[in-house]
Amino acid sequence: MGRPSSDRRLARLGAQAAAALGDLLFTPGCLACGGGSLHRAAGVCLGCWSLCRADGRQGSPCPACLGECLGACAAHAPPWSWLVTAARYDGAARDLILLYKFGPDGGRARLARPLAALLAAALTASGVARDVDLLTAVPSHRRRIAERGFDAAWLLARRLARRTGLPAPTPLLRRTAPAAPRSRSAPPPEGGFGLRRRPARAAAGRIILLVDDVLTTGATLRQCAGLLAEAGATEVRAAVLARTPLRGFASPPAIV
């Protein structure tokens, strides 16, 4: 009765051993550029990692200008107190995040560790992670998780917690509808997220750090942070791996 399961286990171990032997005999190319450098992190050469451009503005509550407005956007204040982004979503950073989320076989989960290191560095520089009580992430829809094999923002949050000493992420939010592609000029979607009933009770009176992978219009982050605020969070802070360039960003009234 137990033979088929045992055979599958042996086959899997054999395949893993063959792959390891292949890596020893034939140095695989960088997942991003194809180069043969021996110095790499999660299959990507250090040269590609070094090309990721830091955001340069590591703490501001304003979603539209990240502080450049000097308070002019206060009338459209977001439901978070601070927003930290690690990199600009262009060039090498964009390529690596796309590889992480949409690479062969659905995605490249092992890239979560070095990507989380980029976000951890931005959090450390900004001090936004201090006094955080709960860590959570913008959830993916179950259909996307099934396709990819993992929840991109959630895995990023888990790696971030290990890197920074923050508490392990708590599932406070749920996705009620799949994400639809949208541009900066598109209006924000209605709904799409909800609170998990029992875990959401833990949000009351807490400082929460909300993690996501990419900031485009800010609409998704607003919805999720707003739900946490409605659940009684004392403060919601946001940490996003990368944001798209500010040129063409939706005006504050469009993303309220």
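Residue numbers count from 1 along this sequence.
- Using a 4.5 Å heavy-atom cutoff, the side chains of Glu147 and Arg143 are in contact.
- The nearest pair of heavy atoms linking Trp154 to Pro171 is CH2-N, 3.4 Å.
- Put simply, the side chain of Glu235 does not reach to within 4.5 Å of the side chain of Trp80, judged on heavy atoms.
- Looking at heavy atoms from C-beta onward, Leu115 lies out of side-chain contact with Asp213 at the 4.5 angstrom threshold.
- Side-chain atoms of Arg175 come within 3.5 Å of backbone atoms of Pro139 as a donor-acceptor pair (strictly under, hydrogens ignored).
- Taken to the nearest 0.5 Å, the NZ atom of Lys101 stands 9.5 Å off from the CG atom of Leu241.
- Under a hydrophobic clustering in which Ile, Leu, Val, Met, Phe, Trp and Tyr are joined whenever their side-chain heavy atoms come within less than 4.5 Å, directly or via other members, Phe102 and Ile145 fall into different clusters.
- Remark: Arg174 is not positioned above the aromatic ring of Phe193, lacking an NZ or CZ atom under 6.0 angstrom from the ring centre and at most 45 degrees off the axis.
- Contact record, Ala152 with Tyr100: O-OH, 2.7 Å, taken as the closest heavy-atom pair.
- The side-chain heavy atoms of Arg237 and Val132, taken from C-beta on, include a pair separated by under 4.5 Å.
- For the pair Leu173 and Arg196, the tightest heavy-atom approach, listed with the atom from each and the gap, is O-NE, 3.1 Å.
- Of all non-hydrogen atoms in Pro79 and Val236, the two that sit nearest each other are O-CB, 3.8 Å.
- Note on Val128 and Val211: same hydrophobic cluster, where clusters join Ile, Leu, Val, Met, Phe, Trp and Tyr whose side-chain heavy atoms are under 4.5 Å apart, directly or indirectly.
- One finds the OG1 atom of Thr176 at 9.5 Å from the CZ atom of Arg142 (value rounded to the nearest 0.5 Å).
- The shortest side-chain heavy-atom distance between Asp133 and Ile208 does not fall under the 4.5 Å cut-off.
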